[in-house]
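Quantities reported herein were computed from a predicted structural model and do not represent experimental measurements. A, B, ... follow the sequence lines: proteins, then strands. Residue 1 opens every chain.
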Amino acid sequence: MDTMAMKRALTRITYEIIERNRGVEDLVIIGIKTRGVFLAQRIAERLKQLENVEVPVGELNVTAYRDDIHQLDSDPNLPGKPHFEFSLEGKKVILVDDVLYTGRTIRAAMDAIMDIGRPKRINLAILVDRGHRELPIRADFVGKNIPTAQNEKIEVSVSEIDEEDSVKIVNGK
Amino acid sequence: MSERYLILDDGTVYRGQAFGSPATTFGEVVFNTSATGYQQIITNQIYHNQIIVFSQPSIGGYGIDRASYESIEPTCKGVIVRDVADVSTNRQRRLSLDEFLKIQNIPGISGIDTRALIHKLRAKGTVKGSIVDPVKDLAHAFDQLNAIVLTNQQVSQVSTPKAYPNPGTGLNVVVVDLGLKHGILRQLSQRNCNVTVLPYSCTAEQIFDLDPDGVILSTGPGSPTDLPKSLTDMIAEVEQRIPLFAIGLGHELFAMANGAKVKPLQFEHHGDNHPILSIITDEIFYASQGQGYTVDRESINRDKMLTTHIDLVDQSVQGLRHRDFPAFSVQFFPDGAPGQLESSELFDEFIEIMTTRMER
């Protein structure tokens, strides 16, 4: 996936979000750190262009909610409850991440969101779905399905922090 | 070379030299500002019953290329140029423009002051004209020109009478032929689509019976308001069930099917030099255009449709998208035949829309 394909995928996802939500009312977009945040911002920019409405964008760090971190070894440096500048009460949340793999990150993100509010619903937008789910989770908006082997890795780069916009399959051992 | 005249319905006579066929023809005179791509323009069926004036002063320099036809039998009524190149230097060329127009029975005139002619066309809008032999008394020719009524049933004359396949092994796409340009089929072939082309009179039921992944409404000649209402009814039904991509005349019909109005353009767009804004990404690109009508921006129901593309020269609507269904349209020609290929990724977008729906 190159710059053009990535641009096209985000454009299509944006139109699908409008289609599925019948507009942008009550919409908030939450990007999962790190790259999900930039993708969330890009979707919000597109919505602004089309509808002339600023859709709130939040950043979510799910580390504290990961299922491989337990109370016992809780680290004082872990981020606590997430905080957003806006309320999630009754909102339609679009959760955005770059790669959907086991589904554990998304599970953690949902827990984090539920911890601070009760949105009307949560939808998931993902740039790449690589399969191998370990939880019953499924994306509502998919940029591209890329079937992978377990030992392969998907490397997403975004121009905001990486050198380019690209999605690459990297061979593992 | 023998002399020939272009006469206009306001009484003007332009004297020039004949090339192409010696036929006498009538048509609406339109001008095209593209610098290259005369073959694709002449063979584009949107010029059915029209006489094309090229603003580019030298036409024919690379002859006729076997891979650049936009229709098998072009239906334009004449070609007016400042200068026709008699030497063609395309190494693939088999025919010169002159030979090609003779075969196709289309007359041409060179040596015309195309700048003056285009000035007039811009000032007057729609002008009827005729290409005639040089006779002393042109009164008869003018009588005939004034008497002729150009058909408004162009689509029925250029659309295929029967369905035909353009096989591939990928996604199944139905193309509704309103005066199709080959560029659309070429783009679908490149993406390995299995295409069925249907006549413009096809029904929604006939489309559903083919169970396609997507439907394309093609480009075509004339005014969408002269077409039967059954076409817009068909579109309104199809868009709810199958991803839809509409181009040119198809775009105008798609807009009408969703309640918008279409009006004649004061200055028609025939060329490839208008910057077009893609609103969602705030980017500008160029594409070839051929339109005498435009969707009235004020008439678009914003709860139903999004405007996606704008012509930055006159702010006219160049693209629409349905809010509730995966259906979108563009006024310009995204197939890059002729002209820039930068908007051909709309076909990729269409493929991705169809694929996503299949995977769901």
[atom1]/[X]: more than 12 non-hydrogen atoms of other groups inside 6.0 Å:
X        : atom1 : result
A/Arg121 : CZ    : yes
A/Arg20  : CZ    : yes
B/Gln190 : CD    : yes
A/Glu164 : CD    : yes

- Of all heavy-atom pairs linking A/Arg8 and B/Glu345, the shortest is NH1-OE1, 3.2 Å
Enumerate donor-acceptor pairs with a distance under 3.5 Å from any side-chain N or O in residues 253-263 of chain B to protein atoms, sequence neighbours excluded.
{"from": "B/Asn258", "atom 1": "OD1", "to": "B/His322", "atom 2": "NE2", "distance (Å)": "3.2"}
{"from": "B/Asn258", "atom 1": "ND2", "to": "B/Glu239", "atom 2": "OE1", "distance (Å)": "2.9"}
{"from": "B/Asn258", "atom 1": "ND2", "to": "B/Phe254", "atom 2": "O", "distance (Å)": "3.0"}

- For A/Thr11, is it the side chain, the backbone, both or neither that has a heavy atom under 4.5 Å from a heavy atom of chain B? both
- Item | Region of A/Asp129 that comes under 4.5 Å of a non-hydrogen atom in chain B | neither
- Between B/Ile280 and A/Tyr15, is any pair of side-chain heavy atoms under 4.5 Å apart? yes
- Message: If you define the side chain from C-beta out and look only at heavy atoms, does anything of B/Thr356 sit under 4.5 Å from A/Glu16?
- Response: yes
- Query: Do any of residues 288-319 of chain B have a heavy atom less than 4.5 Å from a heavy atom of chain A, and if so, which, in residue order?
  - Reply: B/Leu306, B/Thr307, B/Thr308
- When you check the gap from the basic side-chain N to the acidic O, do A/Lys7 and B/Glu283 get nearer than 4.0 Å? yes
- Query: Which bit of B/Phe328 comes within less than 4.5 Å of chain A, counting heavy atoms only: side chain, backbone, both or neither?
  - Reply: neither
- Let me know if B/Arg321 has heavy atoms under 4.5 Å from chain A in its side chain, its backbone, both or neither. side chain
- Identify which of B/Asp348, B/Thr281, B/Thr355 forms the greatest number of heavy-atom pairs closer than 4.5 Å to chain A. B/Asp348
- Item | Between A/Asn21, A/Asn145, A/Val142, the one whose heavy-atom pairs under 4.5 Å with chain B are most numerous | A/Asn145
- Per-residue contacts, residues 31-58 of chain A versus chain B, heavy atoms under 4.5 Å: A/Arg46, A/Gln49, A/Leu50, A/Glu51
- With sequence neighbours left out, the residues meeting salt bridge (Lys or Arg N to Asp or Glu O under 4.0 Å) with B/Glu237 are none
